Amino acid sequence: MTPDDLKVKILGIVGTPIKDGNCQYYLEQALQVVESGGQATTEMIHLQDYRIEYCIGCEACLRRVHKVQKEVGFDVIPVPVKDYNCSIKDDMEIIHKKMLEADGILLAAPVYIATIPGQVKTFIDRCRTFVHDFRLRSKVAAPLTVAFYRNAGEDTALQMMALSLLALGLTQVSFGASAVSTKEGMGIPIRETRFAVKEDPVGMTLMNMAATQVAQTALQMKAGKLALEEAGVSVKTGGWAPPQ
Ligand SMILES: Cc1cc2nc3c(=O)[nH]c(=O)nc-3n(C[C@H](O)[C@H](O)[C@H](O)COP(=O)(O)O)c2cc1C
């Protein structure tokens with residue numbers, strides 16, 4: 001294992017209808033923190049740039065996962081399904097590919113009516129294949145959020161994203177971070193600056209901690225995976241299969 005093997009890629013995903021807003025800025029700052037560690041490269045995608053249809057509940061992804069599991073055995077993890085395992089042909093194909101290539105994911109969304117925007121939920125629903133095929137296992141994640149008021153839905157938004165990332169099989173390494181985009185979280189716009197989250201030292205500190213934890217744990221996770229591969233060690237599942 002060489003230092004060059006130990007580079008990680010962290011994907012930042014921001015979901016808000018607003019381009020170049022506070023939430024995007026917050027994520028960009030987090031990705032800069034990630035890069036400052038020296039061992040990570042980053043990429044940011046904005047869901048607004050992609051055409052993402054609603055999940056139609058067809059369960060084709062699930063059926064394909066089960067079909068492959070019957071062929072290869074239920075102890076094979078991740079399940080070797082084809083790269084894009086969704087029947088809807090839209091830009092989610094590009095996003096799935098980027099998620100699969102990443103070692104870690106930072107998911108950022110603003111608080112909308114005490115939770116996440118529908119756009120982000122739609123994106124999460126379209127990731128259902130990962131719940132069943134375990135292809136995001138051993139990747140790390142943390143959520144970020146921005147709100148107008150202090151304590152006005154930040155925790156709920158973070159928990160929604162955290163639980164969803166866990167459900168998709170990612171390893172949650174931080175509770176996440178939130179910041180406010182108004183003066184001291186009182187709902188008063190700060191006109192002098194375009195990115196008011198900058199003026200929230202608590203939010204910026206929390207973001208710094210979450211981003212560092214994602215970068216560091218992604219690196220440790222990758223080193224661990226490589227070490228296990230080199231040693232020829234793999235964790236068996238016991239091969240339990242659901243009754244047919
Ligand atoms: C539909 C809608 C609902 C919102 N709901 C909340 C809320 O429940 N709590 C809050 O503090 N801010 C709320 N906000 C404010 C946004 O969270 C805030 O303006 C944030 O900075 C938006 O980030 P962005 O500009 O990067 O999209 C809401 C904004 C919109 C448009």
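No experiment lies behind these values; they were computed from the predicted model shown. Both ligands and their constituent atoms are indexed starting at 1 by order of listing.
- The salt bridge (Lys or Arg N to Asp or Glu O under 4.0 Å) search around Lys198 returns none, not counting sequence neighbours.
- No donor-acceptor pair closer than 3.5 Å links the side chain of Gln172 to the backbone N or O of Leu170.
- For Glu93 and Lys89, the salt-bridge test fails: no basic side-chain N is under 4.0 Å from an acidic carboxylate O.
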All N/O donor-acceptor pairs, side-chain side in residues 102-116, below 3.5 Å, sequence neighbours left out:
residue, atom, partner, partner atom, Å
Asp103, OD2, Lys9, N, 2.7

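- In the hydrophobic clustering (ILVMFWY side chains linked at under 4.5 Å, chained through shared members), Leu206 is joined by Val202.
- None of Phe123, Tyr50, Tyr84 except one satisfies the ring-ring contact (aromatic ring centres under 6.0 Å, His included) rule with His96; the exception is Tyr84.
- Ligand 1 lies under 4.0 Å from heavy atoms of Thr16, Ile18, Gly21, Asn22, Cys23, Pro110, Val111, Tyr112, Ile113, Ala114, Val146, Ala147, Phe148, Tyr149, Ala152, Ser181.
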